[in-house]
Each structure stands twice: as C-alpha cells, then as structure tokens.
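Down below is the structure, laid out as structure tokens.
All residue numbers in this chain count up from 1 along the given sequence.
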Amino acid sequence: MYIAVALDGNHEPLLIAFALGTKNRDNSWLWFMRRLKECLGDNTEVGFISHMSDSMDFAVQRVYPDSYHGYCCKKNIAEKIRASTGSNTVVEQLFWKTCKAYNLSDFYACLNHLKNVVNGNDLHWLDNIPIAKWVRACFPRVRFNVKFIDIPVVVNWLRTNMHEFPITTIIEMFHDSMQAVYLQRAAFGVHFIGDFHGLLTPYALKVIHKRFIHSDGCRITHIVGDRYEVSKYSTTKFVQLDRGICSYGKWQKWGIPCEHAIASLQRLEIAEIQQMVNLKLSTAVY
C-alpha cells in the first residue's frame, strides 16, 4: 500500500492519497507519484519525507526533480542508532539534538559531541547518508522542518485489519475514513474562526506563547533599521525583522518568529506579531 500523508497548519497528519500496488517496485512508485502530481497540480510546491528507499528516490527525482526529499529520521536513523548503542537514552537524545539543529555550525558541534560520547560504537554508516537528507539545517523552506510524520491511527488500523477484504471494500473504507477526517477538520476550523476570531491555528498560537516565555531575559540591542542583536546567557543572535530572518535559523524553518525575534518585536501588539507568521499556519488556510 502506498500512502501520502501531509502535515496541516495545526501540526496534525492528514491522509491525502493512497494506492495499492507491488511492494518496493520502481514502476509502482513512479505510477503513484505521477498520479499524486496530477491531483496536486504542477504549481504546488512540495517536499517529501520518506523511508530510505531507492525506489522512492527514483520516483521523486523523476516526477518532482526540483523538490526536496529527505528521510524519516524516526524510522531510518534513530532506530539504527538505538540498535547499535543498546537503547542508550543519552545517545538518542544527542542524536535528536544533532538532527534538529537549525544551522550547520550547531549541527557539526552536536555531531562531534555525539561521536565522542558513542566512543567505541561504530557510527561510520551515518557518514554515508547525505546530511541534506536528515539534518534540519539543510531543509530548504518553511514547513520542511519535519523529521517524520506519523501515519494517522485510523489508517494503521485499516491497514492491519483489512487483509481479508476485497480491494473494492478496502478502497471504500479508506475513502470514508479520509472524508470523515476532512469534515471534522473543516468543522473545527469554522468553529475556531467563528468563536475566537483567531488569526492562527491553535498549534501556531501555542508555539507563539511558548516563545514569548522563552524570550524572557533576552537583552536586545538595536543595530540599525529593523536589525537587532539579541543576547541570552552566552549566546548572541542577529535578527532582521524586515526579512523574517534570525541567524539561529529557527524563524525561517518554522515560519513562526523565534524567541529572539519576539524579544525584538515586543514593542508591537500581539496581533501584529501574529501577522508575521507564515500564511500556511493561519486559520483561513486551515
């Protein structure tokens, strides 16, 4: 079974397409990706996170040659590190810190720390995986900051309990489950906008609130125009409000102002700050 899942503006997985075909065959994946592109259209900007698979690499390169394609770190890399280090919690935490680095300097510092802690354990295989495939600092655009997307629970249930059903019944069950989820999300979106008049999805509002808390204690120095220097503890970051850029890289990857930017923006009203969030995280788009 081939499944395409998206991550919506409320940070929830959403099934958008499925198909039945031959397992791990180049032609089957190519057929699925071509049908997906027909549905999404040529002008849709997309990025892909998938399991490490030569067939998937082949299909994405043929159908979406200009898109980003990364690997699921939860399934492909974290599990292998867990197996090679005996489920060492410290090592796994260091791996995720390395994986989630927002810039390359932080990434290499974390990677060196990881390799020093692992000591005798062999992580040479990690060097054979291009960092552009698994390191967040290499992800090109907003909303491609996803390390993995969980398959919706209802999809997993259907996938593991439908082996005895005819194909037509399987397709109907998947179709009905997809439509039910879409209706639930649509109803929620209408309710949220109508009752609360919120500009952003609940997820985006939660992130903004958390970053307001983290911005406490930041020391802000105005450089010129919309440029600021923000210091906290022993680190210093530089923010360009007019371009939506922070030297840390967090704002660019999430599409939500980071704590350094929020510290610089606190002279503004909360509604003005919310308007600086990427449109994909707005209630209108949701």
Side-chain angles (χ1 to χ4, degrees), residues 4-16 40 44-49 68 70 72-74 96 99-103 136-137 139-153 181-218 220 226 228 230 232 237 239-286:
V5 178
L7 195 67
D8 68 18
N10 205 34
H11 208 68
E12 297 173 308
L14 184 65
L15 177 65
I16 58 172
L40 297 178
T44 304
E45 182 186 13
V46 294
F48 297 93
I49 302 293
Y68 172 81
C72 174
C73 297
K74 184 178 181 180
W96 282 113
C99 177
K100 294 179 179 180
Y102 286 101
N103 56 69
R136 176 154 56 190
F139 286 21
R141 296 180 180 87
V142 170
R143 301 301 289 157
F144 293 1
N145 64 329
V146 184
K147 297 275 118 2
F148 59 88
I149 299 178
D150 286 323
I151 301 297
V153 175
V181 172
Y182 276 118
L183 288 172
Q184 290 171 4
R185 305 261 173 111
F188 174 81
V190 171
H191 170 77
F192 187 78
I193 296 173
D195 287 3
F196 300 98
H197 305 287
L199 293 174
L200 306 177
T201 61
Y203 166 76
L205 289 174
K206 182 179 178 180
V207 172
I208 285 282
H209 176 71
K210 184 178 179 180
R211 293 183 181 176
F212 262 101
I213 295 173
H214 288 172
S215 70
D216 188 41
C218 288
I220 303 99
D226 275 354
Y228 293 84
V230 183
K232 187 174 183 180
K237 308 298 178 186
V239 177
Q240 292 181 254
L241 299 179
D242 54 341
R243 296 181 61 191
I245 292 175
C246 175
S247 60
Y248 185 41
K250 197 173 186 177
W251 189 357
Q252 297 92 292
K253 296 301 180 185
W254 285 69
I256 302 175
C258 60
E259 51 267 33
H260 310 105
I262 286 178
S264 306
L265 288 166
Q266 286 192 6
R267 71 186 189 282
L268 301 178
E269 298 290 335
I270 182 63
E272 294 178 283
I273 296 175
Q274 289 185 18
Q275 289 173 359
M276 302 184 78
V277 175
N278 189 278
L279 186 63
K280 296 181 179 72
L281 296 162
S282 68
T283 47
V285 171
Y286 181 80

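Atom CD1 of I256 is separated from atom CD of Q274 by 10.5 Å, given to the nearest 0.5 angstrom. Rounding to the nearest 0.5 Å gives a distance of 9.0 Å between CD of E272 and CG of L265. Here C73 contributes atom SG and K100 contributes atom NZ; the two are 9.5 Å apart, rounded to the nearest 0.5 Å. The NZ atom of K280 sits 6.0 Å away from the CD atom of E45 when rounded to the nearest 0.5 Å. Atoms OH and CG, from Y248 and N103 in turn, are 7.5 Å apart once rounded to the nearest 0.5 Å. Summarising the geometry, atom CG belonging to D216 is positioned 12.0 Å from atom CD1 belonging to I262; distances are rounded to the nearest 0.5 Å.
Not one N or O on the side chain of N10 forms a donor-acceptor pair closer than 3.5 Å with the backbone of E12.
Of all heavy-atom pairs between V146 and L7, the closest is CG2-CD2, 3.6 Å. The two atoms that bring F212 and S215 nearest to each other are O-OG, 2.6 Å, heavy atoms only. Taking both residues in full, the closest heavy atoms of A263 and V230 are given as CB-CG1, 4.4 Å, listed atom of the first, atom of the second, then distance. C99 and K147 get closest at one heavy-atom pair: SG-CD, 2.8 Å. Of all the heavy atoms in I49 and F148, the pair that sits closest is CG2-CA, 4.3 Å. Closest approach of Y203 to G9, counting heavy atoms only: CD2-O, 4.0 Å.
Partner of Y102 under the side-chain hydrogen bond (donor to acceptor under 3.5 Å, both in side chains) criterion, chosen from Q252, K250, R136: R136. Considering C218, C246, S264 in turn, S264 is the only one that fulfils the side chain to side chain contact (heavy atoms under 4.5 Å, CB included) rule with Y228.
The closest side-chain heavy-atom distance from I213 to H209 is below 4.5 Å. In this structure, the side chains of V181 and L15 stay at 4.5 Å or more apart for every pair of heavy atoms. With a 4.5 Å cut-off on side-chain heavy atoms, R211 and W251 do not count as touching. Residues P257 and V277 form a side-chain contact, since some pair of their non-hydrogen atoms from C-beta on lies under 4.5 Å apart.
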